[in-house]
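Structure, as structure tokens:
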Amino acid sequence: MHSSTLTQLQNIPRLNAGHYPTPFEELPRLRAALGKAAPRLFIKRDDYTGAGLGGNKVRKLEYVLAQAQADGAEIVISMGGEKSNHARVTAAMCARLGLPCELVMNPPNVRHDGLKPANLVADELFGAKIHRVANRDERNALSAELAARYMQAGRRVALVPLGASVPLGALGYVRAIGELKPQLEAAHIQLTHIVHASSSGGTQAGIVAGCQLYGLPAQVIGVSPDDPSVSIAAHVADIIAGIGGLLDCAFDHRVTIRDEFVGAGYGIPSDESAKALALVARTEGILLDPVYTAKAMAGLIAMIGDGELTADDTVLFWHTGGQLALFYAPE
């Protein structure tokens with residue numbers, strides 16, 4: 001890509017809310033546990049991005065909330081489940097900006113009587129006002145209704161979509177590839193694959209576009225924790241096209257999504273994801289989360305077991321955070 005495209009990326013306003021570069025580490029004990037046929041394994045620790053207990057949403061919200069601030073937003077409205085990482089980071093970053101935050105939230109698929117998700121506790125501590133709905137389908141309608149009420153009252157509203165997974169937010173992961181590349185060069189590493197959890201699409205769109213922009217020839221594999229690969233791939237492609245519009249260039253929007261590791265449904269651990277979470281914890285002292293990254297790691301392990309990823313490959317697992325979903329607090 002032309003240097004003018006990089007300049008254009010650098011000139012788009014963003015908040016300075018995260019801690020970068022996030023660590024880039026090798027996983028030798030996990031590789032040994034997976035056998036002689038396993039590829040060399042690395043991890044990018046975006047669970048260490050910092051703001052609001054970290055995760056991939058920090059990189060996206062740095063752009064989306066910078067735009068909200070520039071637009072003079074007086075209130076931020078967003079949505080998610082009660083275990084939502086996006087909601088937690090949105091609430092935290094709004095607190096730092098002094099912006100009132102309202103969250104439209106639905107119950108999780110896995111519930112425990114007398115306990116509430118730790119992410120919800122964090123939302124409340126960050127000062128977010130919580131609006132509850134019965135299910136995921138009702139979130140958009142109530143969010144739009146709340147925004148309309150405030151605007152009719154003369155308030156300026158920023159309505160942040162789920163996961164901040166829009167082209168502007170996805171620039172956070174375009175930029176993240178620019179952060180990763182010198183880490184790879186310093187370690188003399190040439191990746192063949194990048195594996196990560198892919199749901200609302202912004203992270204994968206940014207990584208795919210970033211690999212093209214920075215000349216990183218790795219195959220990007222998104223592992224779905226919820227929706228069918230066809231629907232996620234279509235959304236990722238749309239976001240990639242939008243990134244091209246923001247940076248005035250064209251990207252190849254073909255993507256790879258694996259959806260055979262969802263199990264019984266969103267937020268419901270599978271046997272494979274539970275084993276993957278425990279294996280990474282016991283071999284490397286790293287906690288994954290039960291909703292997203294454990295299923296992505298289960299996918300990676302299965303691809304090694306099936307011979308899709310071999311000892312000739314070098315694979316980066318992108319840890320997108322979310323470990324707070326492991327924990328609950330009393331009501």
Legend entry - D259-S229 side chain donor-acceptor pair, cut-off 3.5 Å: yes
Inset, instruction - Find out whether C101 and F126 are in side-chain contact, i.e. whether some heavy atom of one side chain is under 4.5 Å from a heavy atom of the other. - result: no
Inset, instruction - Taking the side chain as every heavy atom from C-beta outward, state whether T49 and E62 have any pair of such atoms under 4.5 Å apart. - result: no
Legend entry - H253 atom NE2, neighbour heavy-atom count above 12 within 6.0 Å: no
Inset, instruction - Using a 4.5 Å cut-off on heavy atoms from C-beta on, say whether the side chain of L184 contacts that of F42. - result: no
Legend entry - Test item: side-chain donor near acceptor, S78 and H86, under 3.5 Å: yes
Inset, instruction - Specify whether Y266 and Y292 have parallel, tilted or perpendicular ring planes, treating 30° as the upper limit for parallel and 60° as the lower limit for perpendicular. - result: perpendicular
Legend entry - Over 12 foreign heavy atoms within 6.0 Å of CZ, R155: yes
Inset, instruction - Without swapping roles, check the side chain of T283 against the backbone of L279 for a donor-acceptor pair under 3.5 Å. - result: yes
Legend entry - Within 45° cone and under 6.0 Å: R59 NZ/CZ vs Y173 ring: yes
Inset, instruction - Nearest 0.5 Å please: distance from the CG atom of L287 over to the CG atom of L324. - result: 11.0 Å
Inset, instruction - Report the distance from atom CG of L168 to atom CG of L61, rounding to the nearest 0.5 Å. - result: 10.0 Å
Inset, instruction - Under 4.5 Å between side-chain heavy atoms, chaining through other members, with only Ile, Leu, Val, Met, Phe, Trp and Tyr counted: pull out the rest of the cluster around I77, sorted by chain and number. - result: I75, M79, V104, V133, L142, L146, Y150, M151, V157, L159, L162
Legend entry - Step-by-step side chain to side chain contact (heavy atoms under 4.5 Å, CB included) determination, M297 to L30: CA-CA 11 Å; M297 181 59 76; L30 176 61; 4.1 Å; yes
Inset, instruction - First locate atom CH2 of W318, then atom CD1 of I221, and finally report the distance between them rounded to the nearest 0.5 Å. - result: 15.0 Å
Inset, instruction - Give the cluster check for V89 versus L120: same hydrophobic cluster or not, with ILVMFWY residues linked at side-chain heavy-atom distances below 4.5 Å. - result: no
Inset, instruction - Going by the side-chain hydrogen bond (donor to acceptor under 3.5 Å, both in side chains) test, name the single residue among R45, H319, K44 that passes it with T22. - result: K44
Legend entry - E102 side chain vs K129 backbone, donor-acceptor pair below 3.5 Å: no
Inset, instruction - For the pair D71 (side chain) and A73 (backbone), establish whether a donor and an acceptor sit closer than 3.5 Å, ignoring hydrogens and angles. - result: no
Inset, instruction - Determine, using the 4.5 Å side-chain heavy-atom cutoff (strictly less than), whether V220 and V174 are members of one ILVMFWY cluster. - result: yes
Inset, instruction - Over all heavy atoms of both residues, which pair between A329 and V121 is shortest? Give the atoms and the distance, please. - result: CB-CG2, 3.8 Å
Inset, instruction - Show your reasoning for whether side chain to side chain contact (heavy atoms under 4.5 Å, CB included) applies to I268 and S270. - result: CA-CA 7 Å; I268 303 173; S270 64; over 6 Å; no
Legend entry - Test item: side-chain donor near acceptor, Q8 and D248, under 3.5 Å: no
Inset, instruction - Please report the shortest heavy-atom distance between A128 and L103, naming the atom on each side. - result: CB-CD1, 3.7 Å
Legend entry - Sole candidate of D312, I304, L34, T192 that passes side-chain contact (heavy atoms from CB on, under 4.5 Å) when paired with P39: I304
Legend entry - Heavy-atom pair of closest approach, residues G52 and A92: CA-CB, 3.4 Å
Legend entry - Ion pair check, R111 and E82, cut-off under 4.0 Å: no
Inset, instruction - Decide whether I240 and L6 are clustered together by the hydrophobic rule: side chain heavy atoms of Ile, Leu, Val, Met, Phe, Trp, Tyr closer than 4.5 Å, transitively. - result: yes
Inset, instruction - Hey, could you give me the CG/OG distance between D226 and S198, rounded to the nearest 0.5 Å? - result: 9.0 Å
Legend entry - Exercise: do K60 and T203 side chains pair donor with acceptor under 3.5 Å: yes
Inset, instruction - Look at atom OH of Y328 and say whether more than 12 heavy atoms of other residues, nucleotides or ligands are closer to it than 6.0 Å. - result: yes
Legend entry - Approximate separation, where rounding is to 0.5 Å, of T320 OG1 and D289 CG: 6.5 Å
Inset, instruction - Taking the side chain as every heavy atom from C-beta outward, state whether R139 and N106 have any pair of such atoms under 4.5 Å apart. - result: yes
Inset, instruction - Check for a donor-acceptor pair, side chain of H235 on one end and backbone N or O of S200 on the other, with a separation under 3.5 Å. - result: yes
Legend entry - Note, K295 side chain near P269 side chain (heavy atom, < 4.5 Å): no
Legend entry - Short side-chain to backbone donor-acceptor contact, D306 and E308, under 3.5 Å: no
Legend entry - S165 side chain to G202 backbone, donor-acceptor under 3.5 Å: yes
Legend entry - Distance-minimising heavy-atom pair for L288 and A276: CD1-O, 4.3 Å
Inset, instruction - Treating Ile, Leu, Val, Met, Phe, Trp and Tyr as nodes and any side-chain heavy-atom pair under 4.5 angstrom as an edge, say whether L316 and V195 lie in one connected cluster. - result: no
Legend entry - Neighbour count >12 (heavy atoms, 6.0 Å) for atom CD, E26: yes
Legend entry - side chain to side chain contact (heavy atoms under 4.5 Å, CB included) between L171 and L247, worked out: CA-CA 9 Å; L171 292 179; L247 300 181; 4.2 Å; yes
Legend entry - Donor-acceptor contact present, side-chain R31 to main-chain A38, <3.5 Å: yes
Legend entry - Within-4.5 Å side-chain heavy-atom neighbours: E25 and I286: yes
Inset, instruction - Mark yes or no for whether N119, through its side chain, and K83, through its backbone, hold a donor-acceptor pair below 3.5 Å. - result: yes
Inset, instruction - State, yes or no, whether a side-chain contact exists between R175 and R14 at a heavy-atom distance under 4.5 Å. - result: yes
Legend entry - side chain to side chain contact (heavy atoms under 4.5 Å, CB included) evaluation trace for Y63 with V166: CA-CA 10 Å; Y63 283 96; V166 291; over 6 Å; no
Legend entry - Shared hydrophobic cluster for L41 and F24 (ILVMFWY, side-chain gaps under 4.5 Å): no
Inset, instruction - Ignoring hydrogens and angles, tell me if any N or O in the side chain of R96 forms a donor-acceptor pair with the backbone of A17 under 3.5 Å. - result: yes
Legend entry - Heavy-atom check, side chain of T293 versus side chain of F317, under 4.5 Å: yes
Inset, instruction - To the nearest 0.5 Å, tell me how far L115 CG sits from E331 CD. - result: 7.5 Å
Inset, instruction - Mark yes when over 12 heavy atoms from residues, nucleotides or ligands other than K116 sit less than 6.0 Å from its NZ; otherwise mark no. - result: yes
Inset, instruction - For D123 and R88, indicate whether the former's side chain and the latter's backbone hold a donor-acceptor pair under 3.5 Å. - result: yes
